[in-house]
Colleague: 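Here it is, the structure, as structure tokens.
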Amino acid sequence: MPHDHDHDHGEGSAMSPIALRVKALESLLVEKGYIDPQALDVIVETYETKVGPRNGARVVAKAWADPPYRAWLLKDATEAIASLGFTGRQGEHMVVVENTSDTHNLIVCTLCSCYPWSVLGLPPVWYKSPPYRSRAVIDPRSVLAEFGLKLPEETAVRVWDSTAEIRYLVLPMRPKGTEGWSEERLATLVTRDSMIGTALPLTPGANQ
């Protein structure tokens, strides 16, 4: 899906000017002993895998448990997500795509690394990598298999290309055996990767 972006695309072959400045500042702070690089890595990992994705997990869990909210989410994701208090940069124009028994959705940004920070936190390194950005479009099944997700041949894989104007979030299928679960409990099954499309939600008991 061709699209126009309004920001730098230099990440594929070299670091962008902003990334270079950030790296230089980080190196200077480490050199002067103001920050511990290991502590910085822990902070980044926390926001990448825990804090941010919990917002998206709440959105997904509510959609699973609340049919009217699910309908609203699929019709106007930006407003439905904002109603839960999740707004901000790179989350202004959201579209939610729903996995079904015959269709699986995968999110990528082919030109840079557009990502819905407000619901998923910081993007993982692999999401920004040139191999993922190119191969996810050309051969999504192989990419999913490398993540450990092997889909039935009859399941169609649809790839959505995020842009500076629109960012996507996958609404995964609700796991079986969760009837009667609260939204809070359902949210524990939702992972960051399941909302990108490179994984399925956890199954009941998997994280207990």
Colleague: Would you compute the distance between atom OG1 of T178 and atom CH2 of W64 and round it to the nearest 0.5 angstrom?
Modeller: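 Spacing of OG1 (T178) from CH2 (W64) equals 7.0 Å.
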
Colleague: Please say which of V170, L106, L149 ends up in a side chain to side chain contact (heavy atoms under 4.5 Å, CB included) with T198.
Modeller: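 Single side chain to side chain contact (heavy atoms under 4.5 Å, CB included) partner of T198 among V170, L106, L149: L106.
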
Colleague: Any idea how W126 and F147 line up, ring-wise: parallel (<30°), tilted (30 to 60°), or perpendicular (>60°)?
Modeller: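 Perpendicular.
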
Colleague: Of the non-hydrogen atoms in Y168 and P116, which two are nearest, and what is the gap between them?
Modeller: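 Distance-wise, the nearest heavy atoms are O-CG, 3.8 Å.
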
Colleague: For a side chain to side chain contact (heavy atoms under 4.5 Å, CB included) with V59, tell me which candidate from L171, L73, V96, V190 qualifies.
Modeller: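 Of the listed residues L171, L73, V96, V190, the side chain to side chain contact (heavy atoms under 4.5 Å, CB included) partner of V59 is L73.
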
Colleague: Using every non-hydrogen atom in the two residues, find where R58 and A187 come nearest and quote the distance to one decimal.
Modeller: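 Scanning both residues completely, I find the closest heavy atoms to be N-CB, 4.5 Å.
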
Colleague: Once you round to the nearest 0.5 Å, how far does OG1 of T110 lie from CD1 of I138?
Modeller: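 With rounding to 0.5 Å, OG1 (T110) is 10.5 Å from CD1 (I138).
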
Colleague: Show the nearest heavy-atom pair for residues T100 and D102, with the distance to one decimal.
Modeller: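 Closest approach of T100 to D102: OG1-OD1, 2.7 Å.
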
Colleague: Closest approach of P201 and S194, non-hydrogen atoms and distance?
Modeller: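 Scanning both residues, the minimum pair turns out to be N-CB, 3.7 Å.
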
Colleague: Hey, does the side chain of Y127 reach the backbone of C114 with a donor-acceptor pair shorter than 3.5 angstrom?
Modeller: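 Yes: the side chain of Y127 pairs with the backbone of C114.
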
Colleague: Would T103 and T155 satisfy side-chain contact (heavy atoms from CB on, under 4.5 Å), going step by step from the backbone distance to the final call?
Modeller: CA-CA 5 Å; T103 301; T155 300; 5.8 Å; no

Colleague: Does A80 offer a backbone N or O that forms a donor-acceptor pair with the side chain of Y69 under 3.5 Å?
Modeller: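 Judged by distance alone, yes, a pair lies under 3.5 Å.
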
Colleague: Under the side-chain contact (heavy atoms from CB on, under 4.5 Å) criterion, do I196 and R192 qualify, and how do the steps go?
Modeller: CA-CA 7 Å; I196 298 174; R192 177 200 64 195; 4.1 Å; yes

Colleague: Quick one: does E165's side chain get under 4.5 Å of H93's, heavy atoms only?
Modeller: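 With C-beta onward as the side chain, the pair stays apart.
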
Colleague: Transitively linked via ILVMFWY side-chain contacts under 4.5 Å: M173 with V157?
Modeller: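 The answer is no; the residues belong to distinct hydrophobic clusters.
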
Colleague: For the residue pair W160 and V108, establish whether any side-chain heavy-atom pair is separated by less than 4.5 Å.
Modeller: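 No; the side chains remain at least 4.5 Å from each other.
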
Colleague: Measure the spacing between NZ of K150 and CZ of R141 and express it to the nearest 0.5 Å.
Modeller: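 Reported value, rounded in 0.5 Å steps: 12.5 Å.
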
Colleague: Given 3.5 Å as the limit, does a donor-acceptor pair link the side chain of T78 with the main chain of M94, or not?
Modeller: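 Yes, T78 side chain to M94 backbone: donor-acceptor pair under 3.5 Å.
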
Colleague: Check Y115 against P124 and note the closest heavy-atom contact, atom names and distance.
Modeller: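 Answer, listing the atom of Y115 first, then P124: OH-CD, 3.5 Å.
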
Colleague: Please check: side-chain N/O of H104 versus main-chain N/O of A156, any donor-acceptor pairing under 3.5 Å?
Modeller: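 Not a single qualifying donor-acceptor pair exists.
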
Colleague: State the CD-CZ distance between E98 and R70, to the nearest 0.5 angstrom.
Modeller: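 Reported to 0.5 Å precision, the distance equals 4.0 Å.
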
Colleague: Do P175 and L202 have side chains that approach each other closer than 4.5 Å (heavy atoms only, starting at C-beta)?
Modeller: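 Not in contact.
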
Colleague: Taking all non-hydrogen atoms of both residues into account, name the closest pair between P140 and A136 and its distance.
Modeller: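 Closest approach of P140 to A136, heavy atoms only: CB-O, 3.2 Å.
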
Colleague: Is a side-chain N or O of S134 found less than 3.5 angstrom from the main chain of P130, in a donor-acceptor match?
Modeller: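 Between the backbone of P130 and the side chain of S134 there is a qualifying donor-acceptor contact (under 3.5 Å).
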
Colleague: What residue among L169, D193, N55 forms side chain to side chain contact (heavy atoms under 4.5 Å, CB included) with L120?
Modeller: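 When side chain to side chain contact (heavy atoms under 4.5 Å, CB included) is applied between L120 and each of L169, D193, N55, only L169 qualifies.
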
Colleague: So do W181 and L189 actually touch side chain to side chain, heavy atoms under 4.5 Å?
Modeller: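 They are in contact (side-chain heavy atoms under 4.5 Å apart), so the answer is yes.
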
Colleague: How many angstroms lie between CZ in R158 and CD1 in I107, if you round to the nearest 0.5 Å?
Modeller: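 Answer for the CZ-CD1 pair, R158 versus I107, is 10.0 Å.
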
Colleague: Taking R135 first and then D139, would you say they form a salt bridge - that is, a charged N and a carboxylate O separated by under 4.0 Å?
Modeller: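 No salt bridge links R135 with D139.
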
Colleague: To the nearest 0.5 Å, what is the distance between CZ (R167) and OG (S162)?
Modeller: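 R167 CZ to S162 OG: 7.0 Å, rounded to 0.5 Å.
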
